[in-house]
A.B. asks: 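Before I ask anything, let me first share the structure, which is written out below as structure tokens.
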Amino acid sequence: MSTDATYFADMEAKIPHGKTRTRFAPSPTGYMHVGNLRTALYTWLIARNQKGTFILRIEDTDQGRLVEGAVDVIYRTMTECGLSHDEGPDVGGPVAPYIQSERRDTYGKYAHLLVEKGCAYYCFCEKTESQEDSGDFSRGEDPCRSLTAEEVQAKLNAGLPYVIRQKIPREGSTTFHDAIFGDITVENSELEDQILLKSDGLPTYNFANVIDDHLMGITHVVRGSEYLSSAPKYDLLYRSFGWEIPTYVHCSPVMRDQHNKMSKRYGDPSYEDLKAQGFLTEAILNYVALLGWSPRGEQAEQEIFSLQELAEAFDIGGISKSPAIFDIGKLTHFNALYLRAMTPEAFHAVAEPYIRQAVKNPALDTKEIAALLQARCERLTEIPEKIGFFETLPAYEKDLFTNKKSKTNDEVSKAMLEAAIPALESLPGWTQDSIHDCLIGLAEKLAVKNAALMWPVRIAAAGCAVTPGGAVEICRILGREETLRRLRLGLEKL
RNA sequence: GGCGCCAUAGUCAAGCGGUCCAAGACAUCGCCCUUUCAAGGCGGUAACCUGGGUUCAAAUCCCAGUGGCGUCACCA
């Protein structure tokens with residue numbers, strides 16, 4: 001026992017004190033869903049806001065659920081999002097290791113310490129169905145709860161498998177405090193003697209979390225509200241050890257609709273899915289931050305926040321209690337805003353691969369196409385379909401030439417194209433201004449509205465009703481030769 | 001079902017007893033501008049779950065009902 005006493009003393013001695021310390025503690029199941037991302041973000045934000053330390057811890061105590069490569073997904077997502085951690089499996093730190101499967105001995109020692117303190121007990125029962133159904137089994141009715149030390153020793157000597165259960169007081173109630181929900185009181189009789197150490201010697205999440213959060217000096221425990229009903233048991237555990245209780249921050253879930261949480265099962269997008277759908281990381285983070293949190297005071301109206309601005313503005317008091325439904329439409333709007341706010345160079349850089357998906361002809365300048373796209377694109381993935389016409393003229397019906405607002409029909413369009421073709425043929429230069437002046441001048445000469453001329457030209461040049469940019473831009477980018485070829489083809493239809 | 005939590009427009013939400021016949025944003029609808037669609041500008045429709053209290057005064061506090069969510073694993 002004396003060696004254990006020094007062990008515990010050593011562990012306690014390592015715990016950093018004073019600064020805010022938060023941790024994101026995912027289990028490696030291979031999927032960073034939006035709710036997870038938001039929890040990670042809020043956790044990071046609390047640490048950064050208070051100039052504290054952000055820790056990444058991997059919770060892999062369930063041997064059956066490990067997913068190959070899942071940890072990499074977590075690292076990659078965190079890095080891409082700029083949610084840098086100060087301590088973690090890959091960077092180490094004063095309270096290493098940061099992977100729970102590597103801390104196995106620690107949990108065992110603390111579980112046995114709790115047994116010594118009389119706050120936990122060995123349980124040799126094999127759960128039967130009737131016991132499960134009765135519900136009494138683990139609520140103070142477990143026969144193993146009252147085994148004598150001798151009986152326990154005998155069973156241990158016999159090599160019987162066991163778990164260690166928390167011994168919940170039978171009487172009274174437990175009140176814990178949550179930063180979002182306030183004080184919550186639960187009757188102890190409602191709490192079960194939960195398993196702390198499984199028969200494989202590994203801790204349950206509920207136990208490992210408390211041990212690690214304490215040993216790592218975590219000041220703010222941020223997690224999903226599904227843990228709210230377990231929180232009183234955590235409090236009891238902290239008290240049994242005589243440890244200081246951290247600030248709980250239980251966040252309500254991100255929902256796919258009124259009834260269901262976002263989940264992989266229903267095909268709801270993960271962070272990586274959203275990226276693949278053409279959303280920018282910054283827009284995703286900004287939107288997700290506001291899904292369940294809103295700024296206070298003079299920033300109450302602000303919606304666009306950089307990660308840095310979020311870190312400065314974030315406060316726990318602004319986190320909302322009720323679940324929030326994920327609205328891809330609003331995310332799309334945020335994405336459009338971010339896309340437009342980029343410099344033309346930056347936009348071109350992200351858009352180019354999408355442009356090249358549809359436009360392979362090297363004569364077509366991706367910079368010019370990107371410039372047209374920037375103000376009329378909400379998601380990068382919609383780019384190819386918007387600009388396919390630059391590469392090949394789509395097959396189109398001649399009724400596209402009819403537009404009531406522009407006052408065009410077949411006859412008018414025919415006349416317009418007949419006039420435009422020679423004018424463009426003889427145009428000295430081929431620039432935005434020269435084409436513009438040429439066509440506007442022509443409309444004036446023909447005494448028609450600009451639209452009456454522009455509409456047929458654009459339709460013939462693009463072959464589709466909706467285009468990024470107007471007739472002039474399209475002609476310019478296509479080049480004179482291709483433009484004229486297309487206008488003649490259009491004329492043939494009429 | 002027990003226990004716990006939550007409840008402002010279709011959605012995200014401000015509101016912490018009077019300044020609320022309730023802000024802002026997305027979506028939606030209409031108008032303007034325009035070389036089409038879009039973008040941009042302007043404007044409209046749309047909410048305090050219900051019922052009781054407390055109070056001079058309630059979206060805001062209390063209680064009940066209803067609804068929703070969570071939880072009741074050797075999963076996290």
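Being a predicted model, the structure only gives us computed values, none of them experimental.
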A.B. asks: Just name whichever nucleotide pairs with B/A13, Watson-Crick or G-U, keeping both distances under 3.5 Å, else none.
C.D. replies: none

A.B. asks: Could you report the tightest heavy-atom contact between A/Asp268 and A/Lys261, atom names first, then the distance?
C.D. replies: OD2-O, 4.0 Å

A.B. asks: Using a heavy-atom cut-off of 4.0 Å across all strands, would you classify A/Glu59 as base, sugar-phosphate, or nothing?
C.D. replies: sugar-phosphate

A.B. asks: Report the nucleotide, chosen from B/C3, B/G4, B/C74, that has the shortest atom-to-atom distance to any side-chain atom of A/Lys198.
C.D. replies: B/C74

A.B. asks: When both hydrogen-bonding distances must be under 3.5 Å and the geometry is Watson-Crick or G-U wobble, what is B/C48 paired with, if anything?
C.D. replies: none

A.B. asks: Please round to the nearest 0.5 Å and tell me the distance separating atom CD1 of A/Ile304 and atom CG of A/Leu310.
C.D. replies: 10.0 Å

A.B. asks: Hey, is the main chain of A/Tyr162 close enough, under 3.5 Å, to the side chain of A/Ser199 for a donor-acceptor pair?
C.D. replies: no

A.B. asks: For A/Ala324, give me all partners under side chain to side chain contact (heavy atoms under 4.5 Å, CB included), at least two apart in sequence or on another chain.
C.D. replies: A/Leu291

A.B. asks: Do the rings of A/His250 and A/Tyr248 sit parallel, tilted or perpendicular, given the 30° and 60° boundaries?
C.D. replies: tilted

A.B. asks: Mark yes or no for a side-chain to base donor-acceptor pair under 3.5 Å between A/Ser229 and B/C72, with no hydrogen or angle criteria applied.
C.D. replies: no

A.B. asks: So A/Leu291, base contact, sugar-phosphate only, or nothing? Heavy-atom distance under 4.0 Å.
C.D. replies: sugar-phosphate

A.B. asks: Mind checking if A/Arg340 touches a base, just sugar-phosphate, or nothing, with heavy atoms under 4.0 Å?
C.D. replies: sugar-phosphate

A.B. asks: Contact class for A/Ala300 (heavy atom, under 4.0 Å): base, sugar-phosphate, or nothing?
C.D. replies: nothing

A.B. asks: A/Ser252 near the nucleic acid: base, sugar-phosphate alone, or nothing, with a heavy-atom cut-off under 4.0 Å?
C.D. replies: nothing

A.B. asks: For a quick test of reading the model: is some side-chain N or O of A/Ser320 closer than 4.0 Å to OP1 or OP2 of B/A13?
C.D. replies: yes

A.B. asks: Could you check whether the rings of A/Phe326 and A/Tyr287 sit parallel, tilted or perpendicular, using 30° and 60° as the cut-offs?
C.D. replies: perpendicular

A.B. asks: Does B/C72 have a Watson-Crick or wobble mate here (both distances under 3.5 Å), and if so which one?
C.D. replies: B/G1

A.B. asks: Both distances below 3.5 Å, Watson-Crick or wobble geometry, any strand: find the nucleotide opposite B/U66.
C.D. replies: B/A7

A.B. asks: Rounded to the nearest 0.5 Å, how far apart are CD1 of A/Ile421 and CE of A/Met416?
C.D. replies: 12.5 Å

A.B. asks: Counting only Watson-Crick or G-U wobble pairs whose two distances fall under 3.5 Å, which nucleotide matches B/C37?
C.D. replies: none

A.B. asks: Between A/Lys398 and A/Asp410, does any side-chain N to carboxylate O distance fall below 4.0 Å?
C.D. replies: yes

A.B. asks: Could you list the residues that satisfy side chain to side chain contact (heavy atoms under 4.5 Å, CB included) with A/Lys321, not counting sequence neighbours?
C.D. replies: A/Ile180, A/Phe181

A.B. asks: Extract all donor-acceptor atom pairs below 3.5 Å that involve side chains of residues 335-342 of chain A and protein atoms in other chains or at least two apart in sequence.
C.D. replies:
unit_1: A/Asn335; atom_1: OD1; unit_2: A/Leu280; atom_2: N; d: 2.8
unit_1: A/Asn335; atom_1: ND2; unit_2: A/Gly278; atom_2: O; d: 3.2
unit_1: A/Asn335; atom_1: ND2; unit_2: A/Glu378; atom_2: O; d: 2.7
unit_1: A/Tyr338; atom_1: OH; unit_2: A/Asn286; atom_2: OD1; d: 2.5
unit_1: A/Tyr338; atom_1: OH; unit_2: A/Phe305; atom_2: O; d: 3.0
unit_1: A/Arg340; atom_1: NE; unit_2: A/Ala375; atom_2: O; d: 3.2
unit_1: A/Arg340; atom_1: NH2; unit_2: A/Ala375; atom_2: O; d: 3.4

A.B. asks: Is any side-chain nitrogen or oxygen of A/Ser294 closer than 4.0 Å to OP1 or OP2 of B/A14?
C.D. replies: yes

A.B. asks: What contact category does A/Ser27 fall into here, base, sugar-phosphate, or nothing, at under 4.0 angstrom with non-hydrogen atoms?
C.D. replies: sugar-phosphate

A.B. asks: Rounded to the nearest 0.5 Å, what separation is found between the CZ atom of A/Arg239 and the SG atom of A/Cys119?
C.D. replies: 12.0 Å

A.B. asks: Kindly give the atom pairs (protein nitrogen or oxygen, nucleotide nitrogen or oxygen) under 3.5 Å for nucleotides 25-27 of chain B.
C.D. replies:
unit_1: B/A25; atom_1: O2'; unit_2: A/Glu303; atom_2: OE1; d: 2.6
unit_1: B/A25; atom_1: N3; unit_2: A/Lys330; atom_2: NZ; d: 2.8
unit_1: B/C26; atom_1: OP1; unit_2: A/His333; atom_2: NE2; d: 3.4

A.B. asks: Counting only side-chain heavy atoms from C-beta out, which of B/G2, B/C74, B/A76 sits nearest to A/Ile195?
C.D. replies: B/C74

A.B. asks: Taking the C1' atom of each, how far is B/A46 from B/C29, in whole Å?
C.D. replies: 11 Å

A.B. asks: Quick one: what's the B/S/- string for nucleotides 28-35 of chain B, heavy-atom cutoff under 4.0 Å, read 5' to 3'?
C.D. replies: ------BB

A.B. asks: Return the polar atom pairs (N/O with N/O) between nucleotides 65-67 of chain B and the protein under 3.5 Å, or none.
C.D. replies:
none

A.B. asks: Can you measure from CD (A/Gln299) to CG (A/Asp315) and round to the nearest 0.5 angstrom?
C.D. replies: 9.5 Å

A.B. asks: For B/U19, which nucleotide is its Watson-Crick or G-U wobble mate, given both distances must be under 3.5 Å?
C.D. replies: none

A.B. asks: Looking at B/C75, I'd like to know if its phosphate oxygens (OP1 or OP2) sit under 4.0 Å from a side-chain N or O belonging to A/Thr204.
C.D. replies: no

A.B. asks: Using atom C1' of each nucleotide, how far apart are B/A9 and B/A14 to the nearest Å?
C.D. replies: 14 Å

A.B. asks: Tell me the interatomic distance from A/Arg379, atom CZ, to B/A39, atom P, rounded to whole angstroms.
C.D. replies: 14 Å

A.B. asks: Now, which nucleotide makes the Watson-Crick or G-U wobble pair with B/A57, with each of the two distances under 3.5 Å?
C.D. replies: none

A.B. asks: Please tell me if the side chains of A/Pro203 and A/Lys198 come closer than 4.5 Å, counting only heavy atoms from C-beta onward.
C.D. replies: no

